[in-house]
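Only this structure's heavy atoms are used, side chains among them; waters, hydrogens and symmetry mates stay out. Quick note on labels: first sequence line is chain A, next is B, and so on, each numbered from 1.
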Amino acid sequence: MNPFQTILILSAAFLAVFGETVLSAPRSLLGAQIDLLPAIMVFAALNASLPTIAALAILGGLWLDTFSANPLGISILPLMFVGFPIYLRRDLILRDLPFAQFVLGATASALVPALTLLMLLSGSTKPLLGWGTLWQWLVMTAGGAVATPFIFALMDWCNGSLGYKLRTEVSFRPDREIRHRKILKY
Amino acid sequence: MFKQKNYLALGAVVIVAVVLLSLPTRTTARLKLAVGSWFLPLSGLAGAAQQLPADLADAAMTRHELLRQIDSLRRENQQLKSQAVQSLASARENDQLRSLFNRAKQLPWRLKMAYVIGRDPANWWRTVRIDRGGQDGLTNNLPVLSAEGFLIGRVSLVNNHDSQVVLIGDPNCRVSATVENAARDMGVVLASGPLDTSLVQLTYLSSSANLKPGQGVVTSGLGGVFPKGIPIGQIVDSRSVEFGLYTDARVKLNANLGSLEQVWVLFP
């Protein structure tokens with residue numbers, strides 16, 4: 001496991017949550033705030049270890065709920081329920097294709113708010129819902145879908161520029177080298 | 001595919017979530033306070049970044065422009081001083097009349113200015129964060145007004161350095177209101193919809209309420225949270241509900257909730 005990748009993913013989630021609270025441009029332009037945590041979860045599920053995915057679900061959900069009127073902890077399970085199946089099937093997913101990233105981002109960005117709302121409605125809290133919620137859901141889905149390939153590119157760039165590569169064994173073995181010795185002629 | 005470590009990780013996350021969701025409200029508030037403090041350095045940076053354009057604009061302002069603004073502010077100050085004297089005289093007269101009728105004196109409002117430092121990242125709530133907290137004497141349920149003096153909500157969660165304000169239109173902010181008409185019809189302000197932040201619903205009005213577009217809506221003072229007479233908005237239209245049992249009206253808020261920067265917290 002590469003700890004730098006874990007730090008990078010958690011830092012991205014930290015900044016994404018803070019950005020969502022501070023930047024109100026998407027809300028004023030599109031009528032809804034775009035959530036980047038599902039897109040980051042897609043990246044983590046395809047590239048990181050399971051403890052990193054669990055840490056992202058717990059910390060990301062905790063940070064989001066801290067700034068929100070959500071009950072604390074309600075965003076954790078939707079994030080995990082989206083990340084976990086992707087992690088299990090990640091060997092079958094063409095993770096380097098932007099289209100695959102787009103589709104996964106759209107699915108995750110649609111599922112996370114829907115699951116969160118379902119959990120809220122099953123509890124005692126009554127969120128603000130109406131026909132406009134459908135529009136907000138579409139904006140969140142589309143925004144998350146578009147953001148996912150960019151997040152992949154940004155994280156890969158950060159990982160390549162700032163992180164280190166794990167040392168891997170090479171096929172070259174010095175003990176098997178065929179040495180061409182020069183015959184010394186006197 | 002389903003290895004034991006996968007089950008363990010999933011189980012750990014589920015347990016953490018269930019434990020957090022079952023915590024009592026007071027513990028949850030403390031946890032939110034603790035987690036929110038991790039973001040304080042970023043909040044400071046964001047505040048400084050927001051202030052930077054204004055500071056640059058101030059630095060680039062010419063001396064002539066500054067002198068013109070000082071002159072304008074002096075005049076405005078003189079006008080406000082004379083208005084304050086008139087208001088004082090009116091307040092004194094009001095107190096005298098109240099004492100004649102054995103009514104309690106009206107206490108003046110104390111206001112504290114705060115800056116909006118963040119909005120709710122979830123689309124299904126309507127809350128903002130302000131940069132005043134328990135250190136500044138804030139407590140839960142204090143009314144919050146816009147910079148122009150219109151009602152925008154109440155304080156719902158107080159941290160040391162910041163607080164959460166639940167805005168009008170959120171399901172958790174219900175306001176008892178009076179329509180400024182001859183009958184002084186009373187109702188409750190509720191949320192209208194998630195998209196349009198400028199409209200709220202005034203409901204449970206009398207079925208015989210005589211409502212006209214443009215009539216003002218102010219707080220009624222009932223409920224004990226919001227003082228009487230704070231302007232909320234204006235009637236847009238009304239309709240009869242539940243076969244004439246009561247009347248609903250749409251109210252356009254005076255305050256623009258989408259562009260709040262400075263707010264007043266009102267102390268009793």
Donor-acceptor pair, side chain of B:Lys32 and main chain of A:Ser68, under 3.5 angstrom: yes

Closest approach of A:Arg27 to B:Pro121 (non-hydrogen atoms, all atoms of both residues): NH2-CA, 4.1 Å

B:Leu195 CG to A:Trp131 CH2 distance, which is reported to the nearest 0.5 Å: 13.0 Å

Note, A:Thr125 side chain near B:Trp125 side chain (heavy atom, < 4.5 Å): yes

Distance, nearest 0.5 Å, that separates CG of B:Leu20 from CD1 of A:Ile76: 5.0 Å

Side-chain touch A:Met140/B:Asn123, heavy atoms, less than 4.5 angstrom: yes

A:Pro71 side chain near B:Leu21 side chain, heavy-atom distance below 4.5 Å: yes

Heavy-atom pair with the smallest gap, counting every atom of A:Tyr87 and B:Asn6: CE2-OD1, 3.8 Å

Atom group of A:Leu120 that falls short of 4.5 Å from chain B, counting heavy atoms: side chain

Proximity breakdown for A:Leu79 and chain B, heavy-atom pairs closer than 4.5 Å: neither

Which portion of A:Phe81 sits near chain B, non-hydrogen atoms under 4.5 angstrom: side chain

Closest non-hydrogen atom pair between B:Phe39 and A:Val17, with its separation: CZ-CG1, 4.5 Å

Top contributor to chain A contacts, counting heavy-atom pairs under 4.5 Å, from B:Val35, B:Leu8, B:Thr127: B:Val35

Pairwise distance CG(B:Leu10) to CG(A:Leu50) - rounded to 0.5 angstrom: 8.5 Å

Nearest heavy-atom neighbours spanning B:Pro194 and A:Gln136: O-NE2, 3.4 Å

For A:Leu128 against B:Ala191, the heavy-atom pair lying closest together: CD1-CB, 3.3 Å

Between B:Val16, B:Val13, B:Val116, the one whose heavy-atom pairs under 4.5 Å with chain A are most numerous: B:Val13

Chain B contact via A:Leu64 - which portion, at a heavy-atom distance below 4.5 Å: both

Proximal component of A:Leu59, with respect to chain B [non-hydrogen, under 4.5 Å]: side chain

Among B:Gly118, B:Ala17, B:Ala12, residue most engaged with chain A (heavy-atom pairs, under 4.5 Å): B:Ala17

Which portion of A:Thr133 sits near chain B, non-hydrogen atoms under 4.5 angstrom: both

Rounded distance [0.5 Å steps], CD in B:Gln164 versus CZ in A:Phe67: 10.5 Å

Contact class of B:Arg119 relative to chain A, heavy atoms under 4.5 angstrom: both

Exercise: do B:Trp124 and A:Asn70 side chains pair donor with acceptor under 3.5 Å: yes

Per-residue contact mode, A:Thr116 against chain B (heavy atom under 4.5 angstrom): side chain

